[in-house]
Amino acid sequence: MMNTQVRLKRRPVGPPSTDDFEVAAAPVPAAPDGGVLRKTIYLSLDPYMRGRMSDAPSYAAPVAVGGVMVGHTVSEVVESHHPDFRAGDVVAGYDGWQQYAASTGGDLRRLDPNATPITAALGVLGMPGLTAYVGLLDIGQPKPGETVVVSAASGAVGSVVGQLAKWKECRAVGIAGSADKCRYVVEELGFDGCVNYKTGDLAAALRAACPNGVDVYFDNVGGAVLAAVLRILNRGARIPLCGLISEYNATTSQAGPNLRPLLVSRAMIKGFIVSDHGDRAPAFLRDCAPLVASGRLKYREDIVDGLENAPSAFMRLFEGQNFGKLIVRVSDDPTRS
Ligand SMILES: NC(=O)c1ccc[n+]([C@@H]2O[C@H](COP(=O)([O-])OP(=O)(O)OC[C@H]3O[C@@H](n4cnc5c(N)ncnc54)[C@H](OP(=O)(O)O)[C@@H]3O)[C@@H](O)[C@H]2O)c1
């Protein structure tokens, strides 16, 4: 039995391509003494992985050329010498783009497939959901009646931001890259409005969608969208700076937006990285797991079959072609028979 892996073949310059990856086989690792061997069922694909492919200075070390790509996973335990795990358990971990992984087990969290679908651990109840929770509630600090705007609104993080804003009794306005995504955000997720940034005059459309201005802007994209939102900030606005996906493939340093609106509106902008906020995970799961289980916090998944298709699927994130949390099904899901 072999362990299929997707490795980084070379560092991309500009947008990544399938040629930057190689699919290879390695021996299946052995479960260490007291440890756990598991088989990957689902692999999460996330924008931050673009940063790991580059050796530019960042908040985390890059993947080595020739190394297995990193990533969150949901797996089935196939062999355990650990008292907390048994064969057949489903666990969340960080096993990367490969079929099998082994460790001492301290990096694993057992999932209850009867509570919520196991894929939720990669999206709405996983890293992206925690990102939305920390960024919106701790940094954005939304108050009832305020207007919260979020970009990449139909995606893994943005979809949770807008719904949590509604949960906090705010007006939620999304920004997304297609009419279908905007319709989904309003009609399915219950946002109050959504602006397609790829058509027409973005600043005018935002002004119309936010007649009372913007109190919180949860920024997932940076660039021209950020510049447009800055023009309609209210006094004392807060901007959790979550991501800059419009710039991840840039080969030259981007000119920043004019910061005058931040001064005039006495606004605050704060960058954050979710891995610094693990202490908020218990509160996040306490608040959000029941909302997901009851159907009040909705989510959409974009599931691609086959580990060998992970490289081409990954690229869709940067073209706006994913619609919902992007996930690769690496092997059959034993909880969905
Ligand atoms: N700070 C943290 O700790 C942290 C943690 C997780 C995620 N993030 C960041 O949060 C953002 C969203 O991540 P996600 O996992 O939820 O991804 P996602 O929204 O599910 O997928 C990415 C989306 O970004 C949009 N996009 C792509 N290229 C763009 C461009 N050039 N300009 C504007 N929008 C573009 C596309 O949506 P449209 O079709 O709507 O354009 C695309 O579908 C990313 O920037 C990510 O890096 C940060």
Side-chain angles (χ1 to χ4, degrees), residues 14-16 43-54 58-60 70-72 119 122-124 126-136 138-140 149-164 173-186 189 191 194-199 202 217-229 239-250 254 257 269-278 280-281 284 299-304 313-328:
L43 164 69
S44 177
L45 295 182
D46 298 273
Y48 75 85
M49 294 166 175
R50 175 65 186 84
R52 300 290 196 281
M53 297 175 76
S54 159
S58 187
Y59 60 89
V70 292
H72 287 97
T119 47
L122 299 178
V124 65
M127 182 278 285
L130 178 62
T131 303
Y133 185 89
V134 166
L136 180 68
D138 296 356
I139 300 173
V149 173
V150 59
S151 45
S154 72
V157 176
S159 60
V160 179
V161 170
Q163 293 181 85
L164 291 181
V173 175
I175 303 174
S178 74
D180 269 358
K181 287 182 174 181
C182 280
R183 201 172 305 115
Y184 165 72
V185 157
V186 173
L189 302 184
F191 286 37
C194 186
V195 172
N196 181 350
Y197 71 95
K198 290 186 176 165
T199 54
L202 175 59
Y217 173 48
F218 191 108
D219 190 14
N220 280 321
V221 306
V225 174
L226 170 61
V229 180
I239 303 177
L241 183 58
C242 175
L244 298 167
I245 195 166
S246 72
E247 302 177 16
Y248 292 171
N249 292 325
Q254 305 293 291
I269 184 164
K270 181 169 166 51
F272 72 101
I273 300 295
V274 66
S275 50
D276 296 336
H277 300 272
R280 294 289 278 146
F284 159 64
Y299 61 100
R300 178 179 177 129
E301 295 169 337
D302 190 338
I303 298 184
V304 173
F314 175 63
M315 268 151 256
R316 293 169 48 200
L317 286 169
F318 306 96
E319 293 152 5
Q321 285 177 9
N322 65 305
F323 194 165
K325 176 72 198 88
L326 187 57
I327 292 171
V328 177

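Values below: every heavy atom of this structure, side chains too, minus hydrogens, waters and symmetry copies. For ligands, and for the atoms within them, numbers begin at 1 and follow the listed sequence. Since we're looking at a predicted model, the values are computed, not measured.
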Looking at residues at least two apart in the chain, or sitting in another chain, which of them share a side-chain hydrogen bond (donor to acceptor under 3.5 Å, both in side chains) with [X]?
X	result
N220	none
R50	N249
S154	none

Put together the list of close N/O pairs, under 3.5 Å, between ligand 1 and the protein, could you?
residue  : atom   : partner : partner atom : Å
ligand 1 : 1 (N)  : C242    : O            : 2.9
ligand 1 : 1 (N)  : F272    : O            : 2.8
ligand 1 : 3 (O)  : V274    : N            : 2.7
ligand 1 : 10 (O) : N220    : OD1          : 3.2
ligand 1 : 16 (O) : A156    : N            : 3.2
ligand 1 : 16 (O) : V157    : N            : 2.8
ligand 1 : 20 (O) : A156    : N            : 3.0
ligand 1 : 20 (O) : N322    : ND2          : 3.2
ligand 1 : 21 (O) : N322    : ND2          : 3.2
ligand 1 : 34 (N) : Y197    : OH           : 3.2
ligand 1 : 39 (O) : K181    : NZ           : 2.6
ligand 1 : 40 (O) : G177    : N            : 2.8
ligand 1 : 41 (O) : Y197    : OH           : 2.6
ligand 1 : 43 (O) : K181    : NZ           : 3.3
ligand 1 : 43 (O) : N322    : OD1          : 2.5
ligand 1 : 45 (O) : N220    : O            : 2.8
ligand 1 : 45 (O) : Y248    : OH           : 3.2
ligand 1 : 47 (O) : Y248    : OH           : 2.7

Quick one about S178 and K198 (side-chain donor to acceptor, distance below 3.5 Å, no hydrogens or angles considered), yes or no?
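No, S178 and K198 have no side-chain donor paired with an acceptor closer than 3.5 Å.
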Name of the residue among V150, I269, L226 meeting side chain to side chain contact (heavy atoms under 4.5 Å, CB included) with Y217:
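Passing option: L226.
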Side-chain (D302) to main-chain (F323) donor-acceptor, under 3.5 angstrom
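Pair found, side chain donor or acceptor close to backbone of F323.
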